[in-house]
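Below: one structure, written as structure tokens.
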Amino acid sequence: MPMIDVYATAGTFADKHQLAKDLAETLKIIEGVPDIPMFRQNTAGFVHELPEGDLSNVDGDSNYVRVQVLTNAGALDRDKQLAVVSQFTELVAKAAGDPTLAGRTWVLLTEAVPGGWGLGGHANTNDELVAAARRQIGELQAKKAESQGD
């Protein structure tokens with residue numbers, strides 16, 4: 001499931017929790033995965049605050065943000081890559097209340113190889129994730145049909 005890590009100097013964001021939630025929801029929408037618990041509960045954002053002085057470019061500036069997005073291999077085609085980078089940059093600048101931060105926000109897209117990430121104690125392949133999602137969709141549909149039959 002996608003993981004989003006945001007690194008910024010402490011105090012960059014007033015509401016880190018909302019930023020993490022907004023990024024997770026945005027990625028879920030861009031990926032186009034079904035709106036089921038498996039994806040809602042396992043697409044997550046983490047905001048890491050760095051102490052003043054723990055970040056620098058060559059000139060000594062520390063007013064940058066780094067966003068690293070980890071997805072399964074092939075989850076983001078070119079259009080989705082462009083959407084993630086654009087929308088995440090916009091969300092970060094908005095959350096910081098600084099439109100100029102868009103020019104200092106790095107977004108890195110990383111793909112986990114099949115079996116290169118785990119959930120529930122198991123290193124999953126893409127095929128296993130698809131099968132698990134289909135099972136959950138089937139279970140949810142069966143519960144819905146059962147509750148409508150009562």
Side-chain angles (χ1 to χ4, degrees), residues 1-120 122-141:
M1 302 301 118
M3 293 288 115
I4 304 154
D5 288 283
V6 179
Y7 298 89
T9 301
T12 300
F13 306 112
D15 191 343
K16 298 177 298 222
H17 183 262
Q18 188 63 52
L19 174 60
K21 184 178 183 300
D22 291 346
L23 291 169
E25 178 68 18
T26 299
L27 185 57
K28 190 182 81 56
I29 291 167
I30 292 170
E31 276 192 309
V33 296
D35 190 24
I36 59 175
M38 177 180 163
F39 294 115
R40 294 187 64 77
Q41 295 167 2
N42 294 295
T43 300
F46 303 82
V47 179
H48 309 275
E49 288 193 316
L50 303 171
E52 190 71 38
D54 280 12
L55 166 67
S56 181
N57 68 6
V58 175
D59 295 331
D61 300 325
S62 60
N63 55 349
Y64 285 80
V65 173
R66 176 179 176 231
V67 182
Q68 184 161 0
V69 182
L70 175 66
T71 61
N72 60 307
L76 303 175
D77 62 21
R78 184 64 180 146
D79 289 338
K80 290 177 181 180
Q81 291 171 342
L82 292 168
V84 168
V85 172
S86 172
Q87 291 179 39
F88 276 27
T89 300
E90 183 179 319
L91 285 168
V92 164
K94 183 178 176 186
D98 179 2
T100 69
L101 189 56
R104 298 184 312 280
T105 298
W106 300 313
V107 180
L108 306 157
L109 304 177
T110 306
E111 294 184 337
V113 297
W117 60 356
L119 178 63
H122 179 73
N124 295 286
T125 66
N126 291 349
D127 290 341
E128 290 169 330
L129 291 172
V130 169
R134 287 184 177 148
R135 274 193 307 277
Q136 188 169 84
I137 290 169
E139 291 166 2
L140 292 169
Q141 289 172 339

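By convention here, the first residue in the shown sequence is residue 1. Only a predicted model underlies this, so the values are computations on that prediction, with no experimental measurement involved.
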Once you round to the nearest 0.5 Å, how far does [atom1] of [X] lie from [atom2] of [Y]?
X	Y	atom1	atom2	answer
E25	L23	CD	CG	11.0 Å
T71	Q81	OG1	CD	8.5 Å
R134	I36	CZ	CD1	11.0 Å

Inset, instruction - Without swapping roles, check the side chain of Q136 against the backbone of M38 for a donor-acceptor pair under 3.5 Å. - result: yes

Tell me every residue that passes side-chain hydrogen bond (donor to acceptor under 3.5 Å, both in side chains) with [X], counting only those two or more places apart in sequence or in another chain.
X	answer
R40	D35
D22	Q18
E139	none
N42	none

Throw together a table of side-chain donor-acceptor distances under 3.5 angstrom for residues 85-94, partners on residues two or more places apart or in other chains.
{"unit_1": "T89", "atom_1": "OG1", "unit_2": "V85", "atom_2": "O", "d": "2.7"}

Please output the side-chain donor-acceptor pairs of residues 2-14 that fall under 3.5 Å, not counting sequence neighbours, one pair per line with the distance.
{"unit_1": "D5", "atom_1": "OD1", "unit_2": "H48", "atom_2": "NE2", "d": "2.6"}
{"unit_1": "T9", "atom_1": "OG1", "unit_2": "S62", "atom_2": "O", "d": "3.2"}
{"unit_1": "T12", "atom_1": "OG1", "unit_2": "T9", "atom_2": "O", "d": "2.5"}

Name every donor-acceptor pair, under 3.5 Å, that has one atom in a side chain of residues 108-120 and the other anywhere in the protein, sequence neighbours excluded.
{"unit_1": "T110", "atom_1": "OG1", "unit_2": "Q68", "atom_2": "NE2", "d": "3.2"}
{"unit_1": "E111", "atom_1": "OE2", "unit_2": "G74", "atom_2": "N", "d": "3.1"}

Please name the pair of heavy atoms, one in [X] and one in [Y], separated by the smallest distance, quoted to 0.1 Å.
X	Y	answer
P34	I137	CG-CD1, 3.8 Å
L140	P37	CD1-CD, 3.7 Å
L27	V84	CD1-CG2, 3.7 Å

Inset, instruction - Find out whether E31 and N72 are in side-chain contact, i.e. whether some heavy atom of one side chain is under 4.5 Å from a heavy atom of the other. - result: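 Contact flag for E31/N72 side chains = yes.
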
Inset, instruction - Please collect all salt bridge (charged side-chain N to carboxylate O under 4.0 Å, His left out) contacts where either partner lies in residues 43-71, sequence neighbours excluded, each pair once. - result: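 Applying salt bridge (charged side-chain N to carboxylate O under 4.0 Å, His left out) to every pair that reaches into residues 43-71, excluding sequence neighbours, yields K16-E49.
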
Inset, instruction - Scan residues 70-84 for pairs that pass salt bridge (charged side-chain N to carboxylate O under 4.0 Å, His left out), counting only residues two or more places apart or in two chains. - result: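 Listed by first then second residue: nothing to list.
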
Inset, instruction - Quick one: list whatever passes side chain to side chain contact (heavy atoms under 4.5 Å, CB included) with S56, sequence neighbours left out. - result: none

Inset, instruction - Please determine, by modelled atom types, if T100 and D98 share a side-chain donor-acceptor pair under 3.5 angstrom. - result: yes

Inset, instruction - If a pair satisfies ring-ring contact (aromatic ring centres under 6.0 Å, His included) and one of its residues is in residues 56-77, list it, with sequence neighbours excluded. - result: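 Sorted pair list: Y64-W106.
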
Inset, instruction - With sequence neighbours excluded, tell me which residues meet salt bridge (Lys or Arg N to Asp or Glu O under 4.0 Å) with D15. - result: none

